[in-house]
Amino acid sequence: MEQLKGTGVALVTPFKADESIDWNALEKLINYVIDGGVDYVVSLGTTGETPTLSADEKLDLIKFTFEKVSKRVPVVVGIGDYNTRDVVKRLEKCPLDEAAAILSVSPYYSKPTQEGIIQHYKTIAAASPKPIILYNVPGRTGRNMTAETTLRLAHEVENIIAMKEASGDMAQCMQIIRDKPEGFLVVSGDDALALAQLACGMDGVISVAANFFAKDFSAMVNAALGNNFPAARALHYKMLKGFDLMFCENNPTGIKAFLSHAGIIENNFRLPVLPAADAVYQQIGAYLKQY
C-alpha cells in the first residue's frame, strides 16, 4: 500500500510520424519521470491513448514498461472497459507478474446503474491476480461513481485497495476520505485540484502533468504529504498556468505539446485526437520559456 502513495504518472504513448509507437521516446520519458522523482508509473491509462491501441500493442507496452522501469519504481497497469467479460479475459492474458496493481476505470458509454458498477468491479476483483484501484472519471465515462458506491466496494471487497477520484466534486471526495476503511488509499485524478485534495487527506495523485512537471509535481505532493503546505503552495502556483494550458483542449493533446517542446517526444497522435491548435501550442512554448 505504501508504494502507491505519493506521485504516480499516467504515461503518454509516444508515436512516430507514421503513427507507430516510438519506443525510444517512451524509454526516454520513463527515465525522465523516474529521475524527476515520481513514486510509480501507470501504463495504459487513458492518457496513453489506449482506445487507439491494438491488443498486441497493449501487451507490448506492458512488457516494455516493465523492462525499462526495471523495478526502480512500481508499475500500475490500466485495464478497464465497459464490457466486464472482456476485462476478465484481459486480466487472464496480460503479463501482470511485475504489476503492483490494476487501475480500472468504471464502465463508460453504457451508463450502468450504481449497482451495475458495483457488480462490474466485484466480478473484476474476483478474477484479478493483483489489487484493484478504482477509477472514477465521469467527464469521460458519462456516469459518476457515487461516494456510497466507492465506500461499499472499499468495505466489501478485500483486494479493492484504492480509488483514483477525478470527479472534481470536493464534497464527494471528502465523504470518501472520511468514511473509507483503514488502509484504503484515495488518490487525486485532477492535477489542478491535487493540492486542495491532499490537504483534505488524500494519499497522492495519479497525474498527467507529472509527465512533464515530474520534479516539481513530485516535490509538491511530497511537501503536502509532509504538511509543508507553504512549500507545496508555491509549487502549485508555479505550475497552475501550465495546468490550464495542458487541459484547455483535451488530454493528451496538451501534455504531448509540453513534452514535444521539451524534446522528449514528437507531437504525434492517432485519430480522432489531433495535435493542439497552433495558437495553443505557441502559448505553451511561451509559457515554458519563462517557467
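Just the heavy atoms: all of them, side chains too, but no hydrogens, waters or symmetry mates, feed the values below. Being a predicted model, the structure only gives us computed values, none of them experimental.
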I'd like to know whether Glu49 forms a side chain to side chain donor-acceptor pair (under 3.5 Å) with Thr13, so could you lay out the CA-CA distance, the side-chain angles of the two residues, the decisive distance to 0.1 Å, and finally the verdict. CA-CA 7 Å; Glu49 296 176 75; Thr13 301; over 6 Å; no
| request: Please step through side-chain contact (heavy atoms from CB on, under 4.5 Å) for the pair Phe229 and Asn227, ending with a clear verdict. | output: CA-CA 6 Å; Phe229 284 100; Asn227 288 316; 3.6 Å; yes
List the steps, then state whether side chain to side chain donor-acceptor pair (under 3.5 Å) holds for Arg72 with Asn31. CA-CA 10 Å; Arg72 288 176 288 171; Asn31 290 331; 2.8 Å; yes
Go through the steps for Ile284 and Phe212 under the test side-chain contact (heavy atoms from CB on, under 4.5 Å), then give the verdict. CA-CA 12 Å; Ile284 291 171; Phe212 176 81; over 6 Å; no
Could you please spell out the steps behind the side chain to side chain donor-acceptor pair (under 3.5 Å) verdict for Asp216 and Tyr291?
CA-CA 11 Å; Asp216 280 348; Tyr291 179 72; 2.5 Å; yes
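Residues Ala125 and Val157 approach most closely at CB-CG1, 3.6 Å, considering heavy atoms. In this structure, Ser20 and Asp18 approach most closely via the heavy-atom pair OG-OD1, 2.6 Å. Across Ala17 and Asn268, no two heavy atoms sit closer than the pair N-ND2, 3.2 Å.
Between the Tyr121 side chain and the Ser106 main chain, a donor and an acceptor come within less than 3.5 Å of each other. Proximity of a side-chain donor or acceptor of Asp190 to a complementary backbone N or O of Ala192 within less than 3.5 Å is not detected. Between the side chain of Thr123 and the backbone N or O of Gln119 there is at least one donor-acceptor pair closer than 3.5 Å. A donor-acceptor pair under 3.5 Å is absent between the side-chain atoms of Asn267 and the main chain of Ser260, judged by distance alone.
If you take NZ on Lys215 and OG1 on Thr7, they are separated by 14.0 Å, rounding to the nearest 0.5 Å. To the nearest 0.5 angstrom, Ile177 atom CD1 is 11.5 Å from Met163 atom CE. We find the CD-NZ distance between Glu98 and Lys71 to be 5.0 Å, quoted to the nearest 0.5 Å. Rounding to the nearest 0.5 Å places NZ of Lys28 at 10.5 Å from CD1 of Ile265. Here Ile124 contributes atom CD1 and Ile102 contributes atom CD1; the two are 10.0 Å apart, rounded to the nearest 0.5 Å.
The shortest distance between side-chain heavy atoms of Phe64 and Ile21 does not fall below 4.5 Å. Using a 4.5 Å cut-off on side-chain heavy atoms (C-beta onward), Val38 and Ser218 make contact. In this structure, the side chains of Asp22 and Leu26 stay at 4.5 Å or more apart for every pair of heavy atoms. Side-chain contact check for Ile62 versus Cys94: some heavy-atom pair is nearer than 4.5 Å.
Remark: of the listed residues Leu153, Ile117, Val105, Leu153 is the sole one forming a side chain to side chain contact (heavy atoms under 4.5 Å, CB included) with Leu134. Checking each of Leu11, Leu61, Leu103 against Leu44 for a side chain to side chain contact (heavy atoms under 4.5 Å, CB included) leaves exactly one that passes, namely Leu61.
Residues that satisfy the side chain to side chain donor-acceptor pair (under 3.5 Å) test with Thr113, not counting sequence neighbours, are absent from this structure.
The six-membered or imidazole ring of His261 lies near that of Tyr281, with a centre-to-centre distance under 6.0 Å. Outside the 6.0 Å centre-distance limit, the rings of Phe247 and Phe243 are not counted as a close aromatic pair.
Of the N and O atoms on the side chains of Asn250 and Arg140, not one donor lies less than 3.5 Å from an acceptor on the other residue. Side-chain N/O atoms of Asp56 and Ser54 include no donor and acceptor closer than 3.5 Å.
For the pair Glu92 and Lys89, the salt-bridge criterion is not met [side-chain N within less than 4.0 Å of a carboxylate O]. We find that Glu165 and Lys180 are not joined by a salt bridge, their nearest charged nitrogen and carboxylate oxygen being 4.0 Å or further apart. The pair Glu115-Lys122 fails the salt-bridge criterion, with no side-chain N (NZ, NE, NH1 or NH2) lying under 4.0 Å from an Asp/Glu carboxylate O.
Ring pair Tyr287/Phe213 is perpendicular by interplanar angle, where above 60° counts as perpendicular and below 30° as parallel.
No more than 12 heavy atoms of other residues, nucleotides or ligands lie within 6.0 Å of OH in Tyr109, so this atom counts as exposed by the packing criterion. Atom CD of Gln290 is surrounded by more than 12 heavy atoms from other residues, nucleotides or ligands within 6.0 Å. Residue Asp97 qualifies as open at atom CG: its count of foreign heavy atoms under 6.0 Å is 12 or below. Atom OH of Tyr82 is surrounded by 12 or fewer heavy atoms from other residues, nucleotides or ligands within 6.0 Å.
Other residues sharing the hydrophobic cluster of Leu274, ordered by chain and number and joined by side-chain separations under 4.5 Å: Leu271.
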